[in-house]
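These notes are about the structure you will find just below.
Nothing here was measured: the structure is a model prediction, and the numbers come from that model. Indexing begins at 1, ligand by ligand and atom by atom, following the structure's order.
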Amino acid sequence: MRLLIDVGNTSLKAVLWHNEQAQPADINNLPWLQITEVIYACVGRSDLLNDILAQAVSNNIICFEAKVTKTLGNLVCAYEHVANLGIDRWLALIAGFTLYPNTACIVVDAGTATTIDVLSSEGLHLGGWILPGLDLMTSSLTQNTQRVFDDGKTPFTNELGKNTPNGLKNGALVATIGAIEQAKLHLTDKKTEQKVQIIFAGGYGLLLQQQFEGSIFDSLLVMKGLNYWHQLSKTT
Ligand SMILES: Nc1ncnc2c1ncn2[C@@H]1O[C@H](COP(=O)(O)OP(=O)(O)O)[C@@H](O)[C@H]1O
Ligand SMILES: CC(C)(COP(=O)(O)O)[C@@H](O)C(=O)NCCC(=O)O
Ligand SMILES: [K+]
């Protein structure tokens with residue numbers, strides 16, 4: 001059994017991976033006798049890992065921290081300074097590339113930030129964008145204006161706003177939708193009409209997925225990326 005950990009800027013997520021399946025992990029009560037290795041990635045507060053990694057060490061369990069590299073198998077990172085790319089983005093790309101081989105993908109991880117990454121069918125990461133996540137978009141406006149307010153119950157929809165919370169919430173959603181539409185332009189090849197798979201992950205992934213027909217939401221995308229990273233980094 002493997003312990004997989006993804007530390008984001010809002011929360012630490014942990015799952016136990018066994019027989020190709022994820023089980024929720026209670027980080028305050030981990031089954032150390034059954035855990036064979038720990039694989040983790042962190043873009044958030046690394047101190048949140050201190051206690052878990054210390055427990056792993058005292059149980060003689062090997063820990064691997066996923067890092068971005070210029071290439072992994074046939075996947076190639078767009079960044080010149082690869083260490084600057086968020087590892088969560090790289091893991092989501094690894095998962096997209098592995099789950100949808102030979103398919104152009106747009107990988108969207110919608111959490112604290114919304115990241116949009118464009119991947120060619122050959123595995124070339126063409127680059128991407130970092131947007132404030134939906135909550136950051138709305139809170140930056142409510143906190144920096146006198147009159148823009150949220151009411152805590154207005155949902156995000158793609159309609160035109162007809163009151164302030166509506167305008168605020170829907171503005172954040174359509175800004176994000178618009179950015180994903182822009183990403184498609186980087187893959188559209190009129191001659192081949194290749195299929196583009198849009199893949200969503202993260203806290204707001206399901207909400208966004210519902211805006212794009214034929215797209216998928218995978219709550220475990222980054223966790224799957226940790227597994228694939230581990231396999232591929234041993235063999236390449
Ligand atoms: N059902 C949900 N579960 C968790 N987070 C959600 C959900 N719906 C919306 N969110 C929002 O998603 C963000 C957290 O997403 P997550 O992918 O865990 O972030 P991070 O990776 O940055 O820690 C927060 O802004 C939270 O308000
Ligand atoms: C963009 C991010 C903050 C997203 O993090 P998250 O919303 O998952 O907490 C993270 O991937 C990050 O810190 N990236 C480093 C900058 C970059 O990717 O270029
Ligand atoms: K994110």
Side-chain angles (χ1 to χ4, degrees), residues 4-15 22 24-25 27 39-49 52 65-70 72 75-96 105-119 125-143 150-158 165 168-173 175-177 179-180 183 198-211 215-226 229:
L4 305 173
I5 308 171
D6 163 29
V7 187
N9 285 287
T10 298
S11 63
L12 178 152
K13 272 105 19 200
V15 300
I27 57 160
I39 309 172
Y40 66 98
C42 180
V43 295
R45 281 173 46 200
S46 58
D47 57 294
L48 297 179
L49 284 163
I52 301 176
E65 181 175 12
K67 292 279 178 202
V68 184
T69 46
K70 185 70 194 174
L72 187 70
L75 187 64
V76 183
C77 178
Y79 275 29
E80 184 187 343
H81 298 292
V82 294
N84 287 347
L85 182 79
I87 182 65
D88 53 346
R89 298 174 63 186
W90 185 236
L91 293 169
L93 283 162
I94 293 169
C105 296
I106 297 171
V107 182
V108 181
D109 191 343
T112 314
T114 300
T115 54
I116 301 171
D117 281 285
V118 179
L119 181 64
H125 172 220
L126 304 179
W129 295 308
I130 305 166
L131 283 74
L134 293 177
D135 285 352
L136 271 181
M137 284 197 194
T138 59
S139 63
S140 67
L141 281 163
T142 54
Q143 286 167 21
D150 190 3
D151 61 3
K153 62 176 190 213
T154 295
F156 291 96
T157 72
N158 62 10
L168 172 71
K169 302 293 265 289
N170 298 359
L173 181 66
T176 307
I177 293 172
I180 297 166
I198 311 181
I199 309 169
F200 291 93
Y204 277 116
L206 188 56
L207 175 84
L208 288 170
Q209 185 274 329
Q210 288 158 358
Q211 302 290 328
S215 68
I216 65 130
F217 168 65
D218 189 341
S219 63
L220 290 172
L221 195 69
V222 172
M223 297 299 182
K224 290 177 184 172
L226 277 170
W229 170 82

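Residue-and-atom listing of protein N/O/S atoms under 3.4 Å from the K ion (ligand 3), sorted by chain and number: D109 O, A113 O.
In this structure, CD1 on I130 lies 7.5 Å from OG1 on T115, to the nearest 0.5 angstrom. With values rounded to the nearest 0.5 angstrom, L207 atom CG is found 9.5 Å from F200 atom CZ. Between the CD1 atom of I27 and the CD1 atom of I52 there is a distance of 4.5 Å, given to the nearest 0.5 Å. A distance of 7.5 Å separates OG in S219 from NZ in K224, rounded to the nearest 0.5 Å. Separating the CD atom in Q211 from the OG1 atom in T176 is a distance of 10.0 Å, to the nearest 0.5 Å. Distance check, rounded to the nearest 0.5 Å: CG of L134 to OG1 of T112 gives 11.0 Å.
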Please evaluate residues L85 and H125 with respect to the criterion side chain to side chain contact (heavy atoms under 4.5 Å, CB included), reporting the C-alpha separation (whole Å), side-chain torsions for both, the decisive distance (0.1 Å), and the verdict. CA-CA 11 Å; L85 182 79; H125 172 220; 4.1 Å; yes

Could you walk me through whether Y40 and V7 pass side chain to side chain contact (heavy atoms under 4.5 Å, CB included), step by step? CA-CA 8 Å; Y40 66 98; V7 187; over 6 Å; no

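Among protein heavy atoms, atom 22 (O) of ligand 1 sits closest to T112 OG1, 2.4 Å. For atom 18 (O) of ligand 1, the closest heavy atom belonging to the protein is K13 NZ, 2.8 Å. Closest protein heavy atom to atom 11 (C) of ligand 1: Y204 CE1, 3.3 Å. Of all protein heavy atoms, the one closest to atom 26 (C) of ligand 1 is D135 OD2, 3.7 Å. In this structure, atom 5 (N) of ligand 1 lies nearest to the protein heavy atom G203 CA, 3.6 Å.
When only interatomic distances are considered, the shortest N/O to N/O separation between T10 and ligand 1 falls below 3.5 Å. Here's the thing with G202: none of its N/O atoms is less than 3.5 angstrom from an N/O atom of ligand 1.
Within the 4.5 Å cutoff, no side-chain heavy atoms of V43 are placed close to those of D6. Residues T69 and V82 form no side-chain contact, since every pair of their non-hydrogen atoms from C-beta on lies 4.5 Å or further apart. Annotation: side chain of T114 is not in contact with side chain of Y204 (no heavy-atom distance under 4.5 Å).
At distances below 3.5 Å, at least one donor-acceptor pair connects side-chain atoms of K70 with backbone N or O atoms of C77. The backbone N or O of L168 lies less than 3.5 Å from no partner atom in the side chain of T138, so there is not a single donor-acceptor pair.
Ligand 1 has at least one atom lying under 4.0 Å from a heavy atom of S11.
Ion pairing between R89 and D109 fails under the 4.0 Å rule for side-chain N and carboxylate O.
Taking only non-hydrogen atoms, the option from G111, A113, S219, S139 nearest to atom 13 (C) of ligand 1 is G111.
Less than 4.0 angstrom separates some heavy atom of G8 from each of these atoms of ligand 1: 20 (P), 21 (O), 23 (O).
Listed by chain and number, residues touching ligand 2 at under 4.0 Å (heavy atoms only) are G8, N9, V43, Y79, N84, L85, G86, D88, R89, T112, A113, T115, I130.
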